[in-house]
Structures are given as C-alpha cells and as structure tokens.
Colleague: 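After the structure tokens below, expect a handful of questions from me.
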Amino acid sequence: MDAFARALEERSELVRIRRPVDAHLEVCAIADRVMKGGGPALLFEDVSGSRFPVLINSFGSRSRMSLALGVDDLEEHTRALAELVQMGLPAGGGAFAQLARKLPELAHVPPHAVSRGPCQDVVHAGNDVDLDQLPILTSWPRDGGPFITLPQVITRDPDTAARNVGCYRMQKLDRRNAIMHWQVHKTGARHFRRAKELGLRRLDVAVALGGDPALVYAATAPLPDGVDEWMFAGFLRKRAVTTVKCKTVELEIPAEADFVLEGYVDPQEELVDEGPFGDHTGYYTPIDRFPRLHVTAITHRANAVYPATLVGPPPMEDAWLGKATERLFLPLLRMLFPEIVDMNLPVEGAFHNLVFVSIKKQYPHHAARLAHGLWGAGQMSFSKVICVLDEDVNVQDVGQVVWRLLANLDPKRDLAFVEGPIDQLDHGANQALWGSKVCIDGTRKLREEGYMRDWPEPCRMSAEVAARVDAMWPELGIGPVPRRAPAAPNGALSVSTVVRVVEVARELLGRARG
C-alpha cells in the first residue's frame with residue numbers, strides 16, 4: 001500500500017498525520033469525520049502500540065477508486081465495456097459462453113507464481129507470532145475488541161481446490177488467535193462447512209493485507225462462487241497477479257501484499273463468541289459464534305503499510321467500493337435482463353436495503369417480473385426494496401427518483417411483497433436470514449394493468465427552446481448557466497466490467513464443457 005499511498009499523495013488525495021494517535025477508537029473517530037465530509041485518504045504514521053503506519057479512507061472518492069482500479073476515471077472502463085457489449089450478444093445465460101468464445105485474447109492474465117516476493121521480506125513463525133504488533137483498530141465504543149476490517153481471506157474448496165478470496169472481518173483474540181467472521185451465505189463459510197462434513201481437522205487459511213488495491217477490491221466483489229478473484233483483478237489492472245507460496249500452510253498469496261497471516265481453522269473445534277461490531281448497516285451486529293483462526297505465521301514487507309477501513313452509519317469509505325461494484329456488475333445484469341437501462345444502489349441503503357432500477361417497459365407487470373428476476377440473481381437476492389422506474393428516469397438523481405416514484409404510485413396496486421433470504425447482518429426481520437422484500441412499481445401504467453385513464457406526460461421544455469436559451473444565457477446577466485439534470489445513461493458500462501463479464505463467461509463455459 002506504500003506505492004498506492006504515494007500515488008495518492010502526488011495527487012493531493014492524502015494527508016499524513018504525524019502526531020501520535022491511539023488505535024483504540026481515536027483513529028476511527030478521526031476517519032469518521034473525514035469520511036462524512038468527503039475528505040482525503042489518511043496515513044497515520046504514529047499509531048499506539050505499533051511501528052507500522054495505518055492507511056484508511058484510501059478508496060473514499062471517485063478519483064481514488066478509479067486509481068485503485070488502474071484508470072484515471074471509471075468511465076474508461078465504461079467506454080471499453082460498452083464497445084464489447086455492442087457485439088450484439090443475445091440476452092440470457094448463453095451470452096456468457098458466446099462472449100468467452102469471442103474474447104479469448106482477454107483471458108491471458110492468470111496468476112503467475114514466483115519464488116520470492118516482498119510480502120515475505122520479514123517472517124515471524126511459531127512463538128514469534130504476535131498479532132499485538134499490528135495496529136489493529138477498535139472502531140466503535142461497544143465493539144467486542146480490535147477488528148481487521150480490510151482482509152483478503154484466502155481458502156480452497158476441500159473438494160475441488162478452487163480458490164476463493166473474500167473480505168471477512170476478523171476479531172483479534174490474543175497474540176496468536178483471531179475469529180473468522182464468514183457469514184453463512186459466503187463462499188468461505190461453505191468451504192468451512194464442507195471441511196466439517198469431511199471430518200477434516202484443518203482448513204488452511206491465508207489472510208493478505210494491502211498490496212495491489214485492485215486485489216483489495218476484488219475480495220469485496222460479489223463474484224459467482226468458483227470465479228477466481230485474482231483473475232478478475234488481473235483483468236482490472238491488465239496484468240497478472242504474482243503469487244508466492246506460504247511458509248506454513250498449503251496456499252498461495254499475493255507476492256506484493258503488505259502483510260500475510262498464515263494459519264488454519266479446525267472445523268471440528270467449538271466455535272467462539274465474536275462481536276459486537278459496528279457494521280456497515282450503521283448498527284452493532286450482536287455477538288455470534290464463528291471459527292477460531294489459529295495463526296501460524298505472520299510475514300510482511302520491509303516497508304509495510306497496514307490497510308484499514310471504517311464501516312458504520314453511511315456515508316463511509318465503503319460507499320465507493322459499493323459504487324464500483326454497482327457499475328461493474330451492471331453489464332452482467334443487462335446480459336440477463338436486457339430491459340435494464342441503469343441501476344443505483346444508494347449509499348444510504350447500505351448496499352442491500354434499496355435498489356433503484358430503470359427499465360424499457362414492454363408489457364404489463366414488467367416491473368414485478370424484473371424484481372423477481374433480480375431476487376434470484378446472486379447477492380441481489382438480499383435486496384429488500386426494489387424500485388422500478390421508466391427508462392427516461394435518471395436513477396442516479398435521487399430527487400428525480402423520489403418525485404417520479406411517488407407521483408406514479410398507487411400503494412395498493414404498486415407494492416408487491418415476497419419472502420426470501422436476507423443478509424445475515426440484516427436486523428430488521430423478526431428472525432435471522434429470512435424476511436420479506438418489496439417491489440415498488442413506479443413505471444407508467446398500462447390499461448392491461450387496470451389503469452383506465454390516460455397516463456399524463458411529464459413536463460419537459462423542448463430541445464429547440466432549451467438550446468436557444470443556452471445560447472442567450474450570457475446576455476441575461478443572471479450568472480452561470482444552471483446545470484440541468486443529466487439524461488438517463490444510455491447503456492454506459494464500466495473497463496473492469498469487461499474483465500468481470502469475461503471471467504464469468506470463461507468460468508461458465510468451462511463448467512458447461514466439464
């Protein structure tokens with residue numbers, strides 16, 4: 001992360017904090033105010049109890065998120081992907097295989113193994129393992145302890161050896177033990193359950209911290225189970241991820257990582273209490289029981305920088321990680337649902353609580369059909385409120401969405417409820433993991449939907465008059481030309497979108513052939 005921090009500093013996107021600051025609450029109290037104000041990345045150079053600096057809020061703006069993914073702006077990805085989609089692939093799952101066949105040249109960035117890497121400049125194993133040497137932060141006053149908040153947790157499927165990299169928070173217990181919070185729906189949890197079914201006493205785990213920021217993002221991305229996150233990151237950065245072997249477990253790790261924790265969980269061991277933790281929902285998640293991670297080695301770069309993030313009441317830094325996912329995964333949804341024009345997951349909705357989606361409506365009750373389709377599409381299944389609007393609504397403009405949604409709404413007619421799985425962190429339902437969801441149909445209504453009146457048109461100035469007024473504006477003495485709300489996007493996608501869709505396509509094609 002040192003190179004990323006220096007790149008941010010060169011762009012005046014980072015502030016170095018040289019005075020001593022406590023890892024217990026103080027770092028996060030400062031970061032909270034900066035994140036809420038849309039401020040810079042922060043590099044704390046003197047954190048209590050550790051010699052390592054802490055980098056936080058490094059993804060907390062559009063420009064920093066773009067830099068993390070290797071571009072000057074995310075629109076570069078948008079344009080590149082838009083060109084690919086114009087190849088005229090058919091809608092539906094078959095498009096994945098066709099895309100894979102048409103774009104084989106983009107698939108030549110598999111992870112590349114090397115014999116040595118900076119992540120192992122310094123090695124502590126056995127009795128030398130000491131998590132207390134890391135500046136692990138305590139975020140909120142009622143947290144159960146210090147938590148690692150930006151890990152890349154690496155496991156392998158006990159049956160297929162397929163690698164998974166996920167971002168699962170970890171609570172530090174003591175010098176050699178932590179708790180692995182992988183939620184029930186996550187791939188890491190599936191690996192753990194399968195290892196338990198097989199009677200295994202050990203599931204190897206490696207945790208990379210820092211390194212290439214694209215790898216950090218890839219660990220948070222909701223890729224389908226079995227799709228390699230490092231292949232995805234290679235697409236994003238257009239270069240292969242270099243890996244080295246761990247010292248004490250049978251796993252590979254990113255060679256450029258700042259820190260690596262090596263260890264294992266014992267699937268037959270009793271679970272331990274984890275939490276509470278102030279989570280991205282803005283509420284504390286309660287104590288629950290999760291596996292203990294036994295740390296067998298800690299390795300790190302000579303100039304290691306400890307990466308962290310703070311989650312809590314939005315907006316926070318993770319808003320931009322979520323926004324990147326929203327844009328990168330939109331093309332995948334469009335391949336399954338070509339009627340989608342655009343989508344917005346508002347920051348205040350904490351990812352799963354609220355979805356705005358605009359569509360080219362083609363038949364009665366199209367909105368409800370789309371919502372049911374989204375509830376069956378991966379992590380979109382956790383979406384509690386899906387608001388569907390017409391194609392001329394710019395869903396990135398929340399004010400426009402609220403106006404059009406409420407103006408078009410008849411609550412009894414336009415709300416459709418279902419029940420299904422919800423995110424494990426969702427406390428709104430009466431019980432864990434299962435609750436109700438709603439589709440709000442804000443589209444114009446058809447006679448086939450029971451609407452017997454003439455649907456009105458929204459008021460719009462003619463393009464000709466608007467152009468004449470733009471031309472005369474400097475002569476009016478009113479001031480700068482007011483910005484008009486942008487039109488709804490016309491199929492804009494994102495670069496990593498390409499890479500992301502291609503990787504999924506290759507995986508699905510490989511499964512079909514197998």
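Starting from 1, each residue takes its place in the sequence as its number.
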Colleague: Applying side-chain contact (heavy atoms from CB on, under 4.5 Å) between Pro146 and each of Leu131, Leu173, Thr138, report the one that passes.
Modeller: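 Considering Leu131, Leu173, Thr138, a side-chain contact (heavy atoms from CB on, under 4.5 Å) with Pro146 is found only for Thr138.
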
Colleague: Between the side chain of Arg193 and the main-chain N/O of Val184, is any donor-acceptor distance below 3.5 Å?
Modeller: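 At least one qualifying donor-acceptor pair exists.
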
Colleague: Is it true that Arg190 and Asp157 make a salt bridge, defined as a side-chain N closer than 4.0 Å to a carboxylate O?
Modeller: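 Yes.
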
Colleague: Can you name the nearest heavy-atom pair linking Thr243 to Trp230, along with the distance?
Modeller: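 Here Thr243 and Trp230 meet closest at CG2-CZ3, 3.6 Å.
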
Colleague: State, without any angle test, whether Thr296 and Glu262 hold a side-chain donor-acceptor pair at a distance under 3.5 Å.
Modeller: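 No, no side-chain donor-acceptor contact under 3.5 Å.
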
Colleague: Of the non-hydrogen atoms in Leu209 and Pro151, which two are nearest, and what is the gap between them?
Modeller: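 Smallest interatomic distance, heavy atoms only, reads CD2-CA, 3.7 Å.
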
Colleague: Assess, by modelled atom type and distance only, whether the side chains of Ser48 and Asp22 contain a donor and an acceptor separated by less than 3.5 Å.
Modeller: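 Their side chains do contain a donor-acceptor pair, which is all the 3.5 Å distance test asks for.
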
Colleague: Can you name the nearest heavy-atom pair linking Pro141 to Leu25, along with the distance?
Modeller: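 That closest heavy-atom pairing would be N-CD2, 3.7 Å.
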
Colleague: Is the shortest side-chain heavy-atom distance between Lys36 and Val34 below 4.5 Å?
Modeller: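 Lys36 does not reach Val34 side chain to side chain.
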
Colleague: Taking the basic N atoms (NZ, or NE/NH1/NH2) and the acidic carboxylate oxygens, is any pair closer than 4.0 Å for Asp159 and Arg194?
Modeller: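 Looking at Asp159 and Arg194, the cut-off is met.
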
Colleague: Could you tell me whether the side chain of Asn164 and the main chain of Thr187 form a donor-acceptor pair under 3.5 Å?
Modeller: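 Side chain of Asn164 to backbone of Thr187: no pair is present.
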
Colleague: Using a strict 4.0 Å threshold on nitrogen-to-oxygen distance, state whether Arg176 and Asp174 make a salt bridge.
Modeller: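 Answer for the salt bridge query: no.
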
Colleague: If you measure from CD1 on Ile154 to SG on Cys246, what distance do you get to the nearest 0.5 Å?
Modeller: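 Spacing of CD1 (Ile154) from SG (Cys246) equals 6.5 Å.
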
Colleague: Which label fits Tyr217 and Phe232: parallel for a plane angle under 30°, tilted from 30 to 60°, or perpendicular past 60°?
Modeller: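 Ring orientation of Tyr217 relative to Phe232: tilted.
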
Colleague: Before accepting this row, confirm whether a basic side-chain N of the pair Arg62/Asp73 lies closer than 4.0 Å to the acidic partner's carboxylate O.
Modeller: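 Yes, this pair counts.
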
Colleague: Are Phe382 and His185 an aromatic pair by the rule of ring centers under 6.0 Å?
Modeller: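 For Phe382 and His185, the ring centres are under 6.0 Å apart.
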
Colleague: Are Phe147 and Phe277 close enough that their ring centers fall under 6.0 Å?
Modeller: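 Aromatic pair counts; centres sit under 6.0 Å.
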
Colleague: Are a donor atom and an acceptor atom from the side chains of Gln133 and His124 found within less than 3.5 Å of each other?
Modeller: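 No pair is found: no donor N or O on one side chain lies under 3.5 Å from an acceptor on the other.
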
Colleague: So, do His300 and Phe52 have ring centers that fall under 6.0 Å from each other?
Modeller: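 Judged by ring-centre distance (under 6.0 Å), His300 and Phe52 do meet the cut-off.
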
Colleague: Hey, can you tell me if Trp182 and Tyr168 have their rings parallel, tilted or perpendicular (30° and 60° cut-offs)?
Modeller: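 The rings of Trp182 and Tyr168 stand perpendicular, inter-plane angle above 60°.
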
Colleague: Residues two or more places apart in sequence or in another chain: which of them pass salt bridge (Lys or Arg N to Asp or Glu O under 4.0 Å) with Arg201?
Modeller: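 Salt bridge (Lys or Arg N to Asp or Glu O under 4.0 Å) check on Arg201 returns Asp266.
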
Colleague: Looking at residues at least two apart in the chain, or sitting in another chain, which of them share a salt bridge (Lys or Arg N to Asp or Glu O under 4.0 Å) with Asp212?
Modeller: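 Applying salt bridge (Lys or Arg N to Asp or Glu O under 4.0 Å) to Asp212 gives Arg237, Arg239.
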
Colleague: Within the distance-only criterion (no hydrogens, no angle test), does the side chain of Arg327 pair as donor or acceptor with the backbone N or O of Lys323 below 3.5 angstrom?
Modeller: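 It does not hold such a pair.
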
Colleague: Mind jotting down which residue pairs meet the salt bridge (charged side-chain N to carboxylate O under 4.0 Å, His left out) criterion with at least one end in residues 125-141? Sequence neighbours excluded, please.
Modeller: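 Sorted pair list: Asp130-Arg175, Asp132-Lys172.
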
Colleague: Specify the closest pair of heavy atoms between Cys119 and Ile253, including all atoms of both residues, with the distance to one decimal.
Modeller: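 So the two residues come closest at SG-CD1, 3.8 Å.
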
Colleague: For the side chain of Glu317 and the backbone of Asn57, is there at least one donor-acceptor N/O pair under 3.5 Å apart?
Modeller: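 Between the backbone of Asn57 and the side chain of Glu317 there is a qualifying donor-acceptor contact (under 3.5 Å).
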
Colleague: Quick one: sort the His427 and Tyr283 rings into parallel, tilted or perpendicular, breaks at 30° and 60°.
Modeller: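 His427 vs Tyr283 ring planes: tilted.
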
Colleague: For Tyr264, is the NZ or CZ atom of Arg202 found under 6.0 angstrom from the centre of its six-membered ring and inside 45 degrees of the ring axis?
Modeller: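 Yes, Arg202 sits over the ring of Tyr264.
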
Colleague: Hydrogens and angles aside, do Ser383 and His352 bring a side-chain donor and acceptor to less than 3.5 Å of each other?
Modeller: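 On atom types as modelled, these side chains do not qualify, holding no pair under 3.5 Å.
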
